[in-house]
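A short write-up of the structure that comes next.
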Protein chains: 2
Amino acid sequence: MARALAKKAETSTTLLEAAKKVLRQSGHSGLSTRDVAAAAGVPLSQIHYHFGSKQGLMLALFDYLNAQLLDRQNAMFHDSTLTLSQRWDRACDYLDEDISSGYVRVLQELIAASWSDPEVAKVVRAGLMGWFELIAGVARQAERELGGLGPFSTAEIAALIGGAFIGGESLYLLGAEKKGAPVRQALRRVGDAIRSAEAKSSTR
Amino acid sequence: MARALAKKAETSTTLLEAAKKVLRQSGHSGLSTRDVAAAAGVPLSQIHYHFGSKQGLMLALFDYLNAQLLDRQNAMFHDSTLTLSQRWDRACDYLDEDISSGYVRVLQELIAASWSDPEVAKVVRAGLMGWFELIAGVARQAERELGGLGPFSTAEIAALIGGAFIGGESLYLLGAEKKGAPVRQALRRVGDAIRSAEAKSSTR
DNA sequence: ACATAATTCGGTCGACCGACCGAATGCGGA
DNA sequence: TCCGCATTCGGTCGGTCGACCGAATTATGT
């Protein structure tokens, strides 16, 4: 039994990794269960056995990926030795990592899929809300350290930053940077702005 | 001939409007040429006659929509009686309009489609670059009126604002606002921030 | 009026999809 | 040992898709 369960989990993760690979290459609309099964090297019917449906596979994939990312992000934000600007720079580093690893493509595809699928939307929304709360927590830190956030509440800051990153990812995937829109560079600059706010606040 | 061309153009726009409607309801992956033809009340083969392929229809649809939006936006930004904060507020108004009219959904679907289709990406990219140049122009105005943009270049400001709006739209479609992320409210607040920068600058 | 070209139309073809099925296999507990 | 359950497997079914075709219809120019 234990062995059987181990085998089951193994096949599941093999399928999830394959799904990630196919999603990265072909997008959500170009993803077929046959492609995933072929990439995983298992028969087609295994997908329906383990996940019930194509949608079930997508849902499981989002949980699988988001858990990994949130773990990493939580570790970073709980490191209290970091200043705000250092955290921001680190977030930008992570964005670069996630782009080259293919995470960004997969997550954006799942977000886009959720526009048409309420079930997927529910899961993706719940996952993203974890991010917003994380950012809002840092915003509270910023409020204390920098002395106020102007007209913004912490929830609004979180929505703004989250939106800027999501939009930046979308634009990167579109290839906007190759046409002269310095998307990631602009996000990095925000770190500079935070740095000067920190300097001003510390010499106050 | 003139009559035939008029008829041809009429059928084309009928198909484009139908495509917009279907795209809004079912998303890009759920859009079939049959649905579009049925919604337009014309035979299926008309799509291939007028646009060559499904992709041709998508490309034509983007041009059709983006031309309308850019016209509106150009009119707004060329009205030199508006202050920066007024322009921002207006842009937020337009966002609300475009959400309820369905434009946002269609444009986001086309952006997502472009991640998998280089041809579509080329057209969408070119269209969005028009927007970035528009925003960069306003950023130059802001640079003069407010006296500098901190660490940001005008191109970076454009990328940041464009990304924030694109990301905000994506999050809105996801339903993030219903789960407590005040996406559009946060964008409005930026207008408040601009207002206080204007006040500070004028009393200088 | 007539020839020519543009447009519209119904019908169909081959390919691909997700889902499902029943049989075969592997494994643990009695 | 053998039973029962979880898992794996190949195969197929009904359905949808984009693309294409040839005929019919309409408009244009002479």
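Below, read A as the first sequence line, B as the second, and so on, with proteins coming before strands; counting in each chain starts at 1.
Against DNA chain D, the stretch residues 40-48 of chain B makes heavy-atom approaches under 4.0 Å through L44(B), S45(B), H48(B). Heavy-atom distances under 4.0 Å link DNA chain C to S53(A), K54(A) of residues 51-60 of chain A, given in residue order. Near-neighbour residues of DNA chain D inside residues 18-37 of chain A, defined by a heavy atom below 4.0 Å, number-ordered: R34(A). Across residues 111-124 of chain B, not one residue has a non-hydrogen atom less than 4.0 Å from an atom of DNA chain D.
With sequence neighbours left out, the salt bridge (charged side-chain N to carboxylate O under 4.0 Å, His left out) criterion links D98(A) to R72(A). Residues satisfying the side chain to side chain contact (heavy atoms under 4.5 Å, CB included) test with I135(B), not counting sequence neighbours, are A158(B), I161(B). Not counting sequence neighbours, the partners of T33(A) by the side chain to side chain contact (heavy atoms under 4.5 Å, CB included) test are L44(A), I47(A), K54(A). Remark: Y172(A) pairs with I99(A), E177(A), R184(A) by the side chain to side chain contact (heavy atoms under 4.5 Å, CB included) rule, at least two apart or across chains. Residues forming a side chain to side chain contact (heavy atoms under 4.5 Å, CB included) with S153(A) (at least two apart in sequence, or on another chain): A155(A), E156(A).
In this structure, Y49(B) atom OH and dG10(C) atom P are separated by 16 Å, rounded to whole Å.
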Which pairs of donor and acceptor atoms, one on a side chain in residues 163-170 of chain B, lie under 3.5 Å apart (sequence neighbours left out)?
unit_1: E169(B); atom_1: OE1; unit_2: Q108(B); atom_2: NE2; d: 2.9

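When the options V36(B), D35(B), L31(B) are evaluated for a side chain to side chain contact (heavy atoms under 4.5 Å, CB included) with L23(B), the one that passes is L31(B).
Ion pairing between a basic and an acidic side chain is recognised when a charged N comes within 4.0 Å of a carboxylate O; R188(A) and D93(A) show such pairing.
A side-chain N or O of Q141(B) and one of R87(B) form a donor-acceptor pair less than 3.5 Å apart. No hydrogens or angles considered: a donor-acceptor pair under 3.5 Å links the side chains of S116(B) and R105(A).
Applying the ring pair (Phe, Tyr, Trp, His ring centres under 6.0 Å) definition to pairs two or more places apart or across chains, none involves residues 99-154 of chain A. Evaluation of the salt bridge (charged side-chain N to carboxylate O under 4.0 Å, His left out) test over residues 118-132 of chain B, restricted to residues two or more places apart or in two chains, returns none.
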